[in-house]
Amino acid sequence: MSANANQRSRVLDYMGTRGGITQIDALKDIGVMRLASRISELKKRGWHIGWEWQKGRNRYGEKYQVKRYFLEDSDG
């Protein structure tokens with residue numbers, strides 16, 4: 001299995017067990033540096049993946065937004 005395939009598998013597992021994933025989660029928790037690329041590959045393989053903006057504050061108290069990807073219900 002290729003490195004990208006392994007990363008796609010980890011991303012799917014993470015979204016399935018935790019309900020979603022951000023770039024911060026991907027890098028910190030599963031070692032995926034290019035989350036958007038893995039999401040794009042998964043979509044091309046037929047996975048229904050949505051996203052929403054997640055707001056937060058960094059260690060300096062500054063506001064930020066990051067995309068949170070999640071598995072959508074394929075029925076609707």
Side-chain angles (χ1 to χ4, degrees):
M1 192 181 286
S2 73
N4 287 355
N6 286 332
Q7 288 185 5
R8 286 191 301 269
S9 177
R10 291 196 304 263
V11 168
L12 281 172
D13 182 57
Y14 196 97
M15 287 191 294
T17 58
R18 305 223 181 162
I21 190 169
T22 67
Q23 178 61 54
I24 297 164
D25 301 328
L27 182 58
K28 185 178 73 169
D29 296 342
I30 60 173
V32 173
M33 183 75 84
R34 299 188 61 207
L35 178 61
S37 294
R38 301 299 81 85
I39 294 293
S40 177
E41 292 165 0
L42 289 166
K43 286 181 173 183
K44 287 178 184 175
R45 286 168 172 74
W47 289 93
H48 298 275
I49 299 172
W51 65 272
E52 64 189 7
W53 287 112
Q54 180 175 308
K55 296 179 181 182
R57 290 189 180 266
N58 66 18
R59 70 182 85 180
Y60 304 107
E62 301 162 336
K63 294 179 184 178
Y64 70 84
Q65 290 189 109
V66 64
K67 278 187 179 178
R68 179 181 163 274
Y69 297 97
F70 55 89
L71 293 172
E72 292 184 323
D73 183 4
S74 61
D75 294 334

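Keep in mind it's a predicted model, so treat the numbers as computed, not measured. When a residue number appears, it is its place in the shown sequence, counting from 1.
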Value rounded to 0.5 Å, distance of [atom1] in [X] from [atom2] in [Y]:
{"X": "N4", "Y": "S9", "atom1": "CG", "atom2": "OG", "result": "12.5 Å"}
{"X": "Q54", "Y": "Q23", "atom1": "CD", "atom2": "CD", "result": "12.5 Å"}
{"X": "I49", "Y": "L42", "atom1": "CD1", "atom2": "CG", "result": "4.5 Å"}

Hey, are E41 and K44 close enough for a salt bridge, meaning a charged N less than 4.0 Å from a carboxylate O?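 No, E41 and K44 are not salt-bridged.
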Answer with yes or no whether the hydrophobic clustering places Y69 together with L71; edges join I, L, V, M, F, W, Y residues whose side-chain heavy atoms lie under 4.5 Å apart.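 Result: yes, single cluster for both.
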In terms of hydrophobic clustering (I, L, V, M, F, W, Y; side-chain heavy atoms under 4.5 Å; direct or indirect links), are W53 and I21 co-clustered?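 Yes; I21 is reachable from W53 via cluster members.
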Between the side chains of T22 and D25, does any donor sit under 3.5 Å from an acceptor?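 Per modelled atom types, T22 and D25 side chains form a pair under 3.5 Å.
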Would you be so kind as to tabulate the donor-acceptor pairs closer than 3.5 Å made by side chains of residues 60-68, with sequence neighbours excluded?
unit_1	atom_1	unit_2	atom_2	d
E62	OE1	N58	ND2	2.7
R68	NH1	E52	OE2	2.8
R68	NH2	G19	O	2.6

Just wondering, more than 12 heavy atoms not from W47 lying within 6.0 Å of its CH2?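 For W47, atom CH2 is not crowded (no more than 12 foreign heavy atoms under 6.0 Å).
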For residues 27-34, which side-chain N or O atoms pair as donor and acceptor with protein atoms under 3.5 Å away, sequence neighbours left out?
unit_1	atom_1	unit_2	atom_2	d
D29	OD2	Y14	OH	2.6
R34	NH2	S37	OG	2.9

Does any non-hydrogen side-chain atom of M15 lie less than 4.5 Å from one of I39?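 Yes, their side chains come closer than 4.5 Å.
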Any side-chain heavy atom of H48 within less than 4.5 Å of one from D73?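 Counting from C-beta outward, H48 and D73 never come under 4.5 Å.
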